[in-house]
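The basis for the numbers below is simple: all heavy atoms, side chains too, and nothing from hydrogens, waters or symmetry mates. Throughout, a chain's letter reflects where its sequence line sits, starting with A, and its residues are numbered from 1.
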Amino acid sequence: MATIDYTIPGEHDLETLDIHVNVGPQHPATHGVFRMVLTVDGEVVTDVDPIIGYMHRGNEKLPENCDFRQAIGFHDRTDYLAQFNTEHCYVQAVEKLTGITPTERSEYIRVILAELNRITSHQMFVGAFSTDVGIFGTAFMYAFRDRELIQDFFEEITGERMMYNYFRPGGVAWDVPDNFRERCRQVIGQIKKGISDLEGLIVNNEVVLARCCGLSRMSTADAINWGVSGPLLRATGLEYDLRKAEPYSIYDRFEFDIPTGKDGDIYDRVIVRIEEMKQSVRIVEQALLRMPDGPIMAEGLKRVLRAPEGEVYMRVEGPRGEYGVYLVATGADKPYRHRVRAASFCNLSALRAMSVGNYVSDVVIILGSIDIVLGEVDR
Amino acid sequence: MTFLLADNVWLDALLRMAIVGMLVPVGVILLTWVERKVIGRLQQRLGPMRVGPYGLLQGVADTIKLLTKEDVRPDSADRPTFELAVFVIVVPVFMAAVAVPFTSDIFVRNMALGLFYFLAVSSLGIVGFVMAGWGSDNKYALLGGVRAGAQLISYEIPLILSAVAIAMLGQSLSLYTLVELQDDTPFIAYQPLAFVIFVIAGLAELYRQPFDIPVAESEVVGGPAVEYSGIRWSMFQMGEFVSLVLISALASLIFLGGWIWPFSADNATWLQVVLMAVKTSAFILFFMWMRATVPRLRIDQLMALCWQILLPFTFLQIIINGLVLVYEWPDWTLTILSGAAAIAMGTLIYRVARRSGVLYQTSGATQRVGSVL
Amino acid sequence: MLGILKALKTTIQAAARKPVTVQYPTEKKELPHRSRGFPVLLWDFDKDEPFCTGCQVCARYCPVDCITVTMKDNPKKAAGKSKRKKIVDHFYLDYARCMRCDICVEVCNFDAIVMNNTWEGVELSRYDRQDLVLDKDALLKQSRTGRLKDPFREPMGVAHSGWSPKVEEDEEAEETNASEEGGEG
Amino acid sequence: MTQETVQEAAPPPEPGPLARLLQELLPGVGFAITVTLLDETVTIGRDDFTRVMETLKGHERLRFDYLRCLSGADYLTELETVYHFYSFEHGHKLAVKVRCPYDDPHVPTVSHLWAAANWHERETHEMYGIVFDGHPDLRPLLTEEGLGYFPLRKSHPLADIEEWQEGYLSAIDEAKRQAASAGGEAAPPMSKVEIAQAKAKLMKEARDKARAEGLSPEDEKAAVRAAIDKFQEDLESGAVGGAAAPAPMSKVELAQAKAKVITKARSEARGQGMTTEDEKAFVAEAIKKFSEEQAGGGAPAAAAPKKEMSKIELAQAKAKVITKARNEARAKGMSTEDEKKFVAEALKNFSAEQDA
């Protein structure tokens with residue numbers, strides 16, 4: 001019997017090539033015009049090269065050529081899912097520089113609107129994230145159903161659905177309508193129901209647990225080193241929220257908790273955000289009770305607002321983390337240097353560290369869990 | 001077997017084939033509308049409303065659009081593979097439809113090995129997915145094709161084995177006979193475990209949520225179908241929906257007693273049609289409901305579920321059946337044993353998924369284990 | 001399996017509720033009074049001329065430079081029919097650039113420009129970007145034909161937004177002009 | 001003027017405890033201390049920079065583990081980088097500023113201390129042209145292909161940006177067209193993907209060739225390996241990677257020069273206390289003078305692209321020579337070593353010709 005000479009080629013004998021998979025800038029998982037080049041070995045990602053800048057509009061340069069009030073509109077367009085939070089930050093920076101004190105009523109209005117805006121942003125996150133995990137648009141629709149309520153409410157107050165341009169140095173542009181309290185309570189009631197819908201779909205769902213638990217774990221030290229902030233940082237177990245750590249505006253008057261996670265994995269990030277929505281509801285309820293009547297704009301403002309020489313780095317807790325505005329004033333009516341510290345920009349820079357070694361499917365949800373807003377990343 | 005559509009045998013066969021050939025596309029058109037409407041309602045949307053009353057003609061409009069659309073083929077695609085793939089997907093589906101008796105009268109061919117033929121033919125479609133994935137010369141399609149190959153082949157096994165359990169019970173491979181045997185009690189009462197496994201594996205065979213990994217929208221943007229457009233793409237769609245109907249019909253035949261249960265064996269034809277329609281659409285609606293509710297698993301978790309949970313439990317079902325049949329234990333022991341095993345499987349999945357981050361952990365490149373047990 | 005069952009329960013409950021979407025072009029939601037569409041000019045029916053005097057304050061304060069205005073002597077003043085010395089000559093507003101920030105409304109001293117709060121200010125699509133540059137007549141048309149009902153004018157004259165109080169423009173304008181040019185160098 | 005518009009400034013507060021602590025811990029380092037509205041701010045020199053930063057991160061009494069923000073700023077003669085720190089352990093915050101001259105924009109990197117600095121520094125480099133020495137990967141971040149100018153510098157014009165961007169793009173097109181007509185290819189540096197593609201192509205070619213020659217599997221493998229090695233070598237030496245893209249900066253430079261002239265004229269005019277009208281006239285005069293100079297005096301900016309063109313052409317011609325020589329050598333059936341020598345010879349001849 002003739003023997004067959006047969007050897008099985010070992011792995012090292014084959015020339016193999018890494019496959020580069022180009023995800024984006026137009027891909028359902030990238031939440032906007034973001035692109036990443038994945039180097040994959042089978043289904044395992046060995047390298048990630050995030051490429052941003054498709055939406056760079058010079059949002060740092062433009063306000064350097066606008067006066068202080070004109071620039072508010074540009075801040076709406078950085079983090080376009082949390083416009084009131086960005087406006088809140090910028091307006092406070094200008095107030096710090098110019099020494100204006102906003103009126104009591106306007107502070108309450110601002111806090112209520114900013115917290116509602118945080119809820120809309122987190123709803124957007126839960127919706128988009130669940131689409132990444134693979135729910136066929138259902139959680140997305142539920143999230144948008146409630147987000148729509150809040151946006152309608154915002155439209156009744158400011159006239160715009162997304163780019164409000166409503167906060168002003170010294171107060172807000174105009175007073176809220178008379179039925180503000182009732183409408184707000186009504187909206188909050190609906191939101192609470194909506195949150196329980198989202199919880200029903202996501203929390204403790206076996207498939208979500210299997211997908212998200214233990215994935216892309218991040219230690220607190222790593223997160224701090226990468227400059228990660230917001231829910232991602234809190235998911236690692238660190239109780240750090242600028243509203244409590246460095247209370248700005250009137251946040252020190254409200255009672256609320258800082259939800260934290262344990263492992264810093266994807267599931268914790270989702271849970272932290274869902275909890276934060278409930279805490280925001282709490283803040284809004286308290287603020288509604290205490291909101292005083294009175295003027296909504298500080299007295300004695302000048303038509304041309306000039307800031308004395310100085311600089312300020314104002315930061316607020318946005319839904320995605322620390323949103324900061326660094327302003328340098330030279331006595332003119334416009335900032336000399338205007339810098340936006342975008343939370344999702346810093347969070348996104350940790351994407352590579354978080355995702356190498358995971359599956360392609362997982363990189364998609366890791367990216368989703370960062371909750372990027374490309375307007376903020378690219379500015 | 002009772003009546004002929006025409007006196008001539010050949011004409012009869014031709015007519016039956018024509019019925020299948022006509023009904024299938026019409027059913028697909030209707031089903032796309034149903035699916036969009038059902039998922040729309042589950043998401044508190046209206047769904048299609050524009051074309052016709054309640055958007056009823058939406059499927060027709062879509063079909064016309066798809067037929068008149070430009071047929072785009074990538075320049076670098078492997079032309080024969082690319083163009084053949086859709087046929088390799090659709091033709092086996094039609095071939096499988098031939099063997100399914102929808103009532104005691106309405107079928108194309110009543111085969112003695114109907115169940116065997118159905119399962120054998122319907123697994124041919126996998127080749128089409130791999131061909132489409134490879135032929136498109138697109139990385140997403142390739143990833144999707146590879147995933148489809150792995151997933152569909154794996155889930156064939158629990159699917160077939162759970163059908164084998166039924167065949168053991170009925171001592172026949174003819175679908176007609178299997179239905180006739182369920183005149184007082186449907187097989188689901190004796191085989192709850194096999195039923196659960198059949199439904200899960202059927203979901204995976206249909207690549208619908210939570211097993212839509214090959215076509216995952218947010219990862220591989222449609223997978224093997226990503227480069228297809230117009231009529232070729234609609235053939236993918238047709239293959240998917242016809243398989244949906246067939247798997248649902250098969251499940252209602254072998255588990256729910258087809259056109260017989262809960263009435264007598266000699267129902268009128270209209271009642272048979274109603275019974276089958278109700279049972280089949282129950283499955284179809286359940287699959288759609290799942291689609292709108294459940295997220296997607298990852299490929300390794302999917303494999304682990306198949307090989308480490310479903311497969312052992314299907315063997316368990318077969319062993320149970322064997323014991324009961326060989327030692328001639330009473331029928332209710334089957335119900336109890338199989339039911340207990342089904343509950344055990346559910347508990348296992350529940351516990352396993354909840355042991356968070358241990359089994360499906362992927363921290364770092366070293367510990368990539370898809371192990372469940 | 002409990003979590004999945006709970007999710008199934010959630011979706012079936014939602015299916016029992018009323019759908020939240022509507023058939024948009026046939027069925028529109030009511031726009032709130034404050035709704036901000038694109039800016040339009042107002043028509044003074046008493047004097048039969050626009051309110052706008054062409055003072056260019058809006059053009060100067062527009063963050064995106066989408067407004068171009070010129071001024072002319074009012075012929076009706078000579079005829080004694082109007083008290084306005086000056087009146088708008090040309091007014092161009094580029095809707096493609098406008099970011100609907102409401103600043104032009106807030107700075108206007110003559111209550112001449114408002115944000116459109118009807119659906120006409122929302123549904124704008126054109127085949128050519130150039131068609132989105134509207135001139136004076138197009139901007140006045142809606143107000144003149146009476147299709148603009150009761151616009152939101154609260155900021156005007158109330159010194160709310162921080163832009164007011166209204167002052168004599170001339171000196172202020174000079175001053176602003178100079179400083180703006182100085183900053184851009 | 002009817003209204004005095006500048007709000008009153010608060011008197012500068014005393015240096016805080018943190019600044020004193022810094023002075024204590026780092027003797028010999030010059031700190032200029034200011035207390036801004038929210039953070040204490042210290043300005044340090046570039047020489048002490050690394051030492052200060054390491055202390056900030058490492059010292060147990062400071063332990064600034066969180067880099068909140070890193071911004072650049074342009075002060076016309078100097079560029080500034082501002083670091084905002086926070087310490088989770090002690091809960092204190094600090095801003096550190098460091099300046100570098102406009103002509104020598106170099107600052108040591110801190111990305112090895114705070115990973116967060118990585119992208120911030122890349123962005124600042126791209127927007128301000130500040131070079132962070134030691135940064136692992138200073139590619140442009142927001143514009144993948146790079147801009148060639150620094151948009152956030154004050155000298156960069158905001159108005160007319162569309163006009164000269166069009167000019168910039170058309171200049172690139174022009175360069176490409178010329179390159180095409182010259183026959184070679186002026187490829188931009190290869191991206192990762194392109195390299196992989198080129199490699200795959202090479203492997204396939206080598207394998208096909210080996211199979212056509214009927215080599216044994218071992219030889220085939222060796223041949224392929226050799227081809228890959230050669231490719232890697234070429235890549236590292238830059239023969240394959242392609243020449244850098246041309247950078248027709250002339251229009252930008254012109255605009256910047258113009259802006260400088262305007263700024264200078266204006267500040268001069270203000271210094272002399274002119275009225276607005278006079279100032280405008282003065283500036284207009286200066287611009288006119290500047291344009292005349294440009295037109296008359298053989299504008300240096302206008303000459304730049306020509307030089308660039310010739311460089312590209314040179315590279316293309318060189319590439320042609322190399323290809324030709326290599327083909328020739330292969331046709332003669334030389335060994336790899338000989339082939340290399342042959343090519344080197346040809347190159348040498350070419351350069352000699354060029355010099356002559």
Side-chain angles (χ1 to χ4, degrees), chain A residues 13 15 17-20 22 37 39 49 51-53 56 58 60-62 64-65 96-100 220-222 224-229 238 240 245-246 302-315 322 324 326 328 331 333 336-337 339 341 345-346 348-350 353 378-379, chain D residues 3-10 34 36-39 41 65-75 80 82 84 86 88 91 93 95 113-120 122-123 126-127 140-144 151-152 154 156 158-159 161 191-193 196-197 199-200 203 207 221 224-225 228:
Chain A
D13 288 339
E15 300 102 28
L17 274 177
D18 289 337
I19 295 183
H20 298 274
N22 186 33
V37 178
T39 308
D49 190 9
I51 294 159
I52 59 173
H56 178 65
E60 290 184 0
K61 179 100 170 172
L62 285 170
E64 286 173 20
N65 296 277
K96 290 252 158 32
L97 272 180
T98 50
I100 303 170
T220 310
D222 275 353
I224 291 171
N225 191 25
W226 277 103
V228 165
S229 55
L238 185 68
Y240 176 69
E246 297 173 22
K302 308 298 183 324
R303 186 172 181 88
V304 178
L305 192 66
R306 297 203 169 180
E309 209 163 306
E311 61 176 65
V312 64
Y313 172 69
M314 183 67 212
R315 52 264 168 170
E322 178 178 328
Y326 175 59
V328 179
D333 60 342
Y336 183 80
R337 168 72 172 124
R339 156 94 173 148
R341 189 269 194 206
F345 177 81
C346 299
L348 186 63
S349 69
D378 297 345
R379 276 153 292 147
Chain D
Q3 291 176 2
E4 174 50 45
T5 49
V6 179
Q7 306 280 328
E8 300 215 347
T34 43
T36 53
L37 294 157
L38 289 170
D39 308 301
T41 308
D65 44 6
Y66 188 53
L67 176 68
R68 305 187 122 135
C69 185
L70 193 164
S71 354
D74 175 12
Y75 290 99
E80 190 180 78
V82 189
H84 288 269
Y86 181 73
F88 279 101
K93 45 222 173 201
L113 296 172
W114 293 276
N118 194 317
W119 276 26
H120 280 305
R122 273 173 77 180
E123 194 198 346
E126 183 181 11
M127 294 296 164
L141 180 64
L142 290 168
T143 52
E144 194 189 355
L152 280 186
K154 290 283 171 193
H156 186 78
L158 182 71
I161 193 159
S191 74
K192 244 187 194 172
V193 180
Q197 281 170 350
K199 219 167 162 183
M203 269 162 66
R207 191 174 297 142
K221 238 174 251 167
V224 173
R225 178 56 46 204
I228 293 175

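- At a 4.5 Å heavy-atom cutoff, the contact between D:Asp39 and chain A is made by side-chain atoms alone.
- Interface remark: of the candidates D:Leu67, D:Val82, D:Asn118, D:Val82 forms the most heavy-atom pairs closer than 4.5 Å to chain A.
- Taking 4.5 Å as the limit, some side-chain heavy atom of A:Glu246 sits within range of a side-chain heavy atom of D:Tyr86.
- Counting all heavy atoms, side chain and backbone alike, D:Tyr66 lies closest to A:Ile224 at CD1-O, 3.5 Å.
- Rounding to the nearest 0.5 Å places CE of D:Met127 at 10.5 Å from NZ of A:Lys61.
- Your options are A:Asn225, A:Leu348, A:Val328, A:Asp222, and the one with the most heavy-atom pairs under 4.5 Å with chain D is A:Asn225.
- Interface residue A:Tyr326: only side-chain heavy atoms are found under 4.5 Å from chain D.
- When all heavy atoms of D:Trp119 and A:Ile52 are compared, the pair lying nearest together is CZ3-CD1, 3.8 Å.
- Within the 4.5 angstrom heavy-atom criterion, only side-chain atoms of A:Leu238, from C-beta onward, approach chain D.
- Contact annotation: the side chain of A:Thr220 never approaches that of D:Phe88 to less than 4.5 Å [non-hydrogen atoms, C-beta and beyond].
- Within the model, atoms OG of A:Ser349 and CZ of D:Arg122 stand 10.0 Å from one another, a figure rounded to the nearest 0.5 Å.
- A salt bridge is absent between A:Arg339 and D:Glu80; no separation between the charged side-chain nitrogens and carboxylate oxygens falls under 4.0 Å.
- At a 4.5 Å heavy-atom cutoff, the contact between A:Glu322 and chain D is made by side-chain atoms alone.
- Proximity to chain D involves both the backbone and the side chain of A:Phe345, based on heavy atoms less than 4.5 angstrom apart.
- At a 4.5 Å heavy-atom cutoff, the contact between A:Val228 and chain D is made by backbone atoms alone.
- Taking all atoms of both residues into account, the shortest heavy-atom contact from A:Arg337 to D:Leu152 is NH1-CD1, 3.9 Å.
- Contact tally against chain A (heavy-atom pairs below 4.5 Å) for D:Ala115, D:Pro151, D:Ala116: the top residue is D:Ala115.
- Using a 4.5 Å heavy-atom cutoff, the side chains of D:Glu123 and A:Arg379 are in contact.
- Considering CZ of D:Arg68 and SG of A:Cys346, their distance stands at 11.5 Å, rounded to 0.5 Å.
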